[in-house]
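The basis for the numbers below is simple: all heavy atoms, side chains too, and nothing from hydrogens, waters or symmetry mates. Numbers for residues simply follow the sequence, beginning at 1.
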Amino acid sequence: MPAEAPAAVGASAPDVTVAALGGDTVALSSFRGRPLLVNLWATWCVPCRQEAPYLQRLHRSRKGQGLEVVGITVDARGFESEIRDFVAEFGLEYTVLHDPDMASVERFAAPGLPATFLIDRDWTLRYAVAGPVEEGDRRFEEALRVLLE
């Protein structure tokens with residue numbers, strides 16, 4: 001089978017099916033029709049820990065505008081306790097999924113962690129950034145504003 005083309009801004013967003021923390025599987029495309037922020041992260045990733053509070057604030061402040069925030073952790077199998085501890089430590093209220101096979105990293109062609117993607121209602125990838133999303137980043141905030149229009 002040929003390699004998946006890298007996710008490109010302006011192209012159709014990739015889909016991946018991963019596990020919810022409760023054990024069910026969830027297809028990312030089940031969020032189609034809503035503006036979506038996808039964040040790939042891991043519990044051991046220091047920049048991921050630094051951006052988690054900002055992502056939680058975005059979830060709280062923008063969910064009324066329809067924004068869905070989905071965090072996909074790529075921690076290995078057997079790290080479910082550490083993932084739950086991370087979620088509790090940062091008070092994460094948005095959807096957290098677990099992808100120990102790192103299929104999401106491959107499908108989104110993420111060069112490292114964290115990586116964040118904005119997907120519009122029509123399932124088009126509108127923004128991608130490798131590295132932590134920082135509060136006050138004008139490019140990110142403008143892309144988010146356009147996504148929510």
Side-chain angles (χ1 to χ4, degrees), residues 1-45 47-77 79-80 83 86-87 90 92-149:
M1 178 157 51
E4 190 75 32
V9 171
S12 182
D15 193 16
V16 63
T17 299
V18 295
L21 291 182
D24 294 335
T25 58
V26 177
L28 198 57
S29 60
S30 67
F31 294 93
R32 185 185 302 261
R34 295 171 270 181
L36 182 63
L37 182 156
V38 176
N39 178 255
L40 306 181
W41 62 280
T43 58
W44 46 261
C45 165
C48 300
R49 298 181 72 75
Q50 293 168 340
E51 77 176 356
Y54 177 51
L55 295 175
Q56 173 57 29
R57 286 192 301 277
L58 278 178
H59 165 71
R60 281 213 164 163
S61 66
R62 302 296 179 98
K63 68 181 175 183
Q65 295 174 277
L67 181 67
E68 292 281 347
V69 176
V70 176
I72 302 176
T73 177
V74 297
D75 283 287
R77 282 179 183 75
F79 277 75
E80 290 79 5
I83 296 166
F86 185 101
V87 168
F90 293 102
L92 303 183
E93 298 169 335
Y94 54 82
T95 302
V96 174
L97 304 174
H98 187 198
D99 178 19
D101 297 324
M102 298 183 70
S104 56
V105 171
E106 182 179 327
R107 295 299 307 273
F108 280 92
L113 298 176
T116 301
F117 307 88
L118 297 177
I119 302 170
D120 70 15
R121 291 170 178 85
D122 297 322
W123 206 248
T124 300
L125 184 62
R126 293 296 175 192
Y127 181 85
V129 63
V133 174
E134 296 182 15
E135 198 161 4
D137 179 322
R138 289 183 186 173
R139 283 187 41 219
F140 173 75
E141 290 180 1
E142 176 62 13
L144 187 58
R145 184 191 64 74
V146 169
L147 184 76
L148 295 172
E149 285 182 339

Residue pair Leu92, Phe86: steps toward the side-chain contact (heavy atoms from CB on, under 4.5 Å) verdict: CA-CA 8 Å; Leu92 303 183; Phe86 185 101; 3.9 Å; yes
Using the rule given for side-chain contact (heavy atoms from CB on, under 4.5 Å), can you reason through Phe117 versus Leu28, listing the C-alpha separation, both sets of side-chain angles and the distance that settles it, and then say yes or no? CA-CA 12 Å; Phe117 307 88; Leu28 198 57; over 6 Å; no
Interatomic distance, CG@Asn39 vs OG1@Thr95, rounded to 0.5 Å, equals 12.5 Å
Looking only at heavy atoms, the pair that brings Thr73 and Ala42 closest together is OG1-CA, 3.8 Å
Atom CH2 in Trp41, atom OG in Ser104: separation rounded to 0.5 Å? 11.5 Å
Stepwise side-chain contact (heavy atoms from CB on, under 4.5 Å) check, Asp137 with Val129: CA-CA 11 Å; Asp137 179 322; Val129 63; 5.7 Å; no
What's the shortest heavy-atom distance between Pro53 and Arg49, and which atoms? CD-O, 3.4 Å
Ring centres of Phe79 and Trp44 under 6.0 Å apart? no
Tell me the closest heavy-atom pair linking Leu21 and His98, and the distance in Å. CD2-CB, 4.3 Å
Full working for side-chain contact (heavy atoms from CB on, under 4.5 Å) between Arg139 and Tyr127: CA-CA 9 Å; Arg139 283 187 41 219; Tyr127 181 85; 4.0 Å; yes
So which heavy atom on Asp120 is nearest to which on Arg126, and how close? OD2-NE, 2.8 Å
Could you tell me the separation between the CZ atom of Arg62 and the CG atom of Leu148, rounded to the nearest 0.5 Å? 6.0 Å
Given the options Leu36, Leu118, Val38, Ile119, Leu125 meets side chain to side chain contact (heavy atoms under 4.5 Å, CB included) only with Ile119
Separation of Leu40 CG from Asp99 CG (nearest 0.5 Å): 8.0 Å
CG on Leu37 to CG on Leu55, rounded to 0.5 Å: 6.0 Å
For Arg34, does the CZ atom sit with more than 12 other heavy atoms under 6.0 Å from it, leaving out its own atoms? yes
Taking NZ, NE, NH1 and NH2 as the nitrogens, is one of them in Arg145 or Glu141 under 4.0 Å from a carboxylate oxygen of the other? no
Calculate, to the nearest 0.5 Å, the distance between atoms CG and CE belonging to Leu113 and Met102 respectively. 6.0 Å
In short, Gln65 meets Arg121 closest at the heavy-atom pair O-NH2, 4.1 Å
Output yes when a side-chain donor or acceptor of Asp75 lies under 3.5 Å from a complementary backbone atom of Thr43, and no otherwise. yes
Validation row: Leu144, Leu58 side chains within 4.5 angstrom (heavy atoms): yes
Note: Ala52 and Phe90 closest approach over all heavy atoms is CB-CG, 3.9 Å
